[in-house]
Chemist: 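Have a look at this one before I ask anything.
Both counts, for ligands and for their atoms, begin at 1 and track the order of listing. Fair warning: this is a prediction, and the values are worked out from it, not measured in the lab.
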Amino acid sequence: MSLVLLDWMEDGYAVITLNRPEKLNAINHQMVQELDEALDLVRKEDHVKFLTVTGNGDKAFCAGGDLNEFHGNLEEDEAYDLLAPMKNVLYKLATLPIPTIALLNGQARGGGCEIATACDFRYALKGTSFGFIQGKLGIAPGWGGGTLLYEKVDKQAAAHWLMTATMYSTDQALRIGWLHKVYSDKEWTMETLLQPFLHNSQEQMTWFKKQYLNSLKLDELSVRMEEETISCSKLWESEAHKEAVQKFMLSRKN
Ligand SMILES: CC[C@H](C(=O)O)C(=O)SCCNC(=O)CCNC(=O)[C@H](O)C(C)(C)COP(=O)(O)OP(=O)(O)OC[C@H]1O[C@@H](n2cnc3c(N)ncnc32)[C@H](O)[C@@H]1OP(=O)(O)O
């Protein structure tokens, strides 16, 4: 069964859906692979105006890396080998030649916030919450999402969120500019959410995104995302990290 769905919409855009709702769309190895393949397919289609990324279910956009797979007693180099593929996927998402919009249907934690941050824009359903909580697990973001956060919001706001590792409400996320819009349940339809973009041609949307990417130093971005993965791999072996993951695992058994 596909854990990442890719749909081509009549109005000329594509939708990627994280499709593991029973696990709050937590990202496992299969999803990393399927996300990579889906992005390659979107990149090949020259009629697609923009891409949206969302989660299946009404509880979460994405609860981060799968703690059964992304957390174990791993040495630094094993942790790097585990983290690097998703970092590469997020670089591919962040530099896709068409605009990308994260439709946050529910909470996002850890790597889930990294995926959302790799998108150009973030729209959220009212009442959802978000947190770069890796700091509370004894690590730091490892898929490049911390690096991307510094590109998307005020640098002090990015540093504060990463260091405090707290959950933000939609209001708090709007205030720092991480969220662009918040919608009620009633408004949460593709037609309402995407109306502002649908009138644009594919050529316009490709140019708008090219102009935006020109403003980023992509070579530097790639180096900084790689450095983030290396640093997270070093933190992976900490006792604090091992204890935090163990605590989550034990809580599953109760
Ligand atoms: C580089 C990325 C970075 C990394 O991987 O190192 C990270 O993403 S670190 C952050 C990892 N994510 C988390 O720490 C969040 C863990 N999940 C939770 O704290 C809770 O599930 C919560 C608060 C999101 C929701 O709690 P709630 O009580 O509402 O639901 P459940 O906990 O019962 O979850 C339902 C179901 O989903 C499974 N689940 C949730 N999150 C994960 C996860 N990250 N990995 C694997 N599985 C997850 C949970 O086990 C439940 O399934 P069940 O079969 O009933 O055990």
Chemist: Hey, which atoms in ligand 1 end up nearer than 4.0 Å to a heavy atom of Gln107?
Modeler: 24 (C)
Chemist: With respect to Gly65, determine whether any N or O atom, backbone or side chain, lies less than 3.5 Å from an N or O atom of ligand 1.
Modeler: yes
Chemist: Give the residue, atom name and distance (to 0.1 Å) of the protein heavy atom nearest atom 51 (C) of ligand 1.
Modeler: Arg252 NH1, 3.7 Å
Chemist: Examine the side chains of Tyr212 and Lys210 and answer whether a donor and an acceptor come within less than 3.5 Å of each other.
Modeler: no
Chemist: I'd like to know whether the aromatic ring centres of Trp143 and Phe70 sit less than 6.0 Å apart in this structure.
Modeler: yes
Chemist: Do we see a donor-acceptor contact under 3.5 Å between the side chains of Gln202 and Thr206?
Modeler: yes
Chemist: Which residue and non-hydrogen atom of the protein lie closest to atom 9 (S) of ligand 1, and at what distance in Å?
Modeler: Leu137 CD1, 3.4 Å
Chemist: Out of the candidates His29, Arg20, Lys23, only one should pair with Asp66 under the side-chain hydrogen bond (donor to acceptor under 3.5 Å, both in side chains) rule; please name it.
Modeler: Arg20
Chemist: Could you go through Leu149 and Phe132, starting from their C-alpha distance and side-chain angles, then the distance that decides it, and tell me whether this counts as side-chain contact (heavy atoms from CB on, under 4.5 Å)?
Modeler: CA-CA 10 Å; Leu149 184 63; Phe132 281 87; 3.9 Å; yes
Chemist: Looking at atom 44 (N) of ligand 1, tell me if a protein heavy atom falls under 4.0 Å from it.
Modeler: yes
Chemist: If the cut-off is 4.0 Å to any non-hydrogen atom of Glu114, which atoms of ligand 1 fall inside it?
Modeler: 1 (C), 2 (C)
Chemist: Would you tell me which option among Leu24, Asp66, Ile27 has the nearest heavy-atom contact to atom 21 (O) of ligand 1?
Modeler: Leu24
Chemist: Looking at Gly111, which atoms of ligand 1 are within less than 4.0 Å of one of its heavy atoms?
Modeler: 2 (C), 7 (C), 8 (O)
Chemist: Between Lys23 and ligand 1, is there a nitrogen or oxygen pair with a distance under 3.5 Å?
Modeler: yes
Chemist: What residue and atom, counting heavy atoms only, is the protein's closest point to atom 28 (O) of ligand 1, and at what distance?
Modeler: Lys59 NZ, 5.0 Å
Chemist: Regarding atom 12 (N) of ligand 1: of the candidates Gly64, Pro21, Gly110, Ala63, which has the closest heavy atom?
Modeler: Ala63
Chemist: Whether the Thr117 and Trp178 side chains hold a donor-acceptor pair (N or O, under 3.5 Å, no angle test) is what I'd like checked.
Modeler: yes
Chemist: For atom 23 (C) of ligand 1, which candidate among Lys136, Arg20, Glu228, Arg109 provides the closest heavy atom?
Modeler: Arg109
Chemist: Under 3.5 Å, N or O to N or O, is Gly112 touching ligand 1 that way?
Modeler: no
Chemist: Any nitrogen or oxygen of Asn68, main chain or side chain, under 3.5 Å from a nitrogen or oxygen of ligand 1?
Modeler: no
Chemist: For atom 6 (O) of ligand 1, what is the nearest protein heavy atom, given as residue, atom name and distance?
Modeler: His71 NE2, 2.9 Å
Chemist: For the pair Lys87 and Glu226, find out whether any cationic side-chain nitrogen is under 4.0 Å from an anionic carboxylate oxygen.
Modeler: yes
Chemist: Could you tell me if Glu191 and Gln195 have a donor-acceptor pair between their side chains, going purely by distance under 3.5 Å?
Modeler: no
Chemist: Would atom 32 (O) of ligand 1 count as contacted, meaning some protein heavy atom under 4.0 Å?
Modeler: yes
Chemist: Would you mind running through ligand 1 and noting each atom that sits below 4.0 Å from a heavy atom of Ile133?
Modeler: 13 (C), 14 (O)
Chemist: Does Glu187 pair with Lys181 as a salt bridge, N-O distance under 4.0 Å?
Modeler: no
Chemist: Would Phe208 and Phe50 count as a close aromatic pair, with their ring centres under 6.0 Å?
Modeler: no
Chemist: For atom 17 (N) of ligand 1, grab the closest protein heavy atom and report residue, atom and distance to one decimal in Å.
Modeler: Phe248 CE1, 3.3 Å
Chemist: Looking at Ile139, which atoms of ligand 1 are within less than 4.0 Å of one of its heavy atoms?
Modeler: 6 (O)
Chemist: Looking at atom 55 (O) of ligand 1, tell me if a protein heavy atom falls under 4.0 Å from it.
Modeler: no
Chemist: Please evaluate residues Leu24 and Lys59 with respect to the criterion side-chain contact (heavy atoms from CB on, under 4.5 Å), reporting the C-alpha separation (whole Å), side-chain torsions for both, the decisive distance (0.1 Å), and the verdict.
Modeler: CA-CA 7 Å; Leu24 303 189; Lys59 278 191 81 177; 3.8 Å; yes
Chemist: For atom 36 (C) of ligand 1, which of the options Met249, Met86, Glu22 provides the nearest non-hydrogen atom?
Modeler: Glu22
Chemist: Is Asp11 salt-bridged to Lys49, going by a charged N under 4.0 Å from an acidic O?
Modeler: no
Chemist: Tell me the contacting part of Trp236 for ligand 1: side chain, backbone, both, or neither, using a 4.0 Å heavy-atom threshold, strictly below.
Modeler: side chain
Chemist: For a quick check under 3.5 Å, do Thr100 and Asp120 share a side-chain donor-acceptor pair by atom type?
Modeler: yes
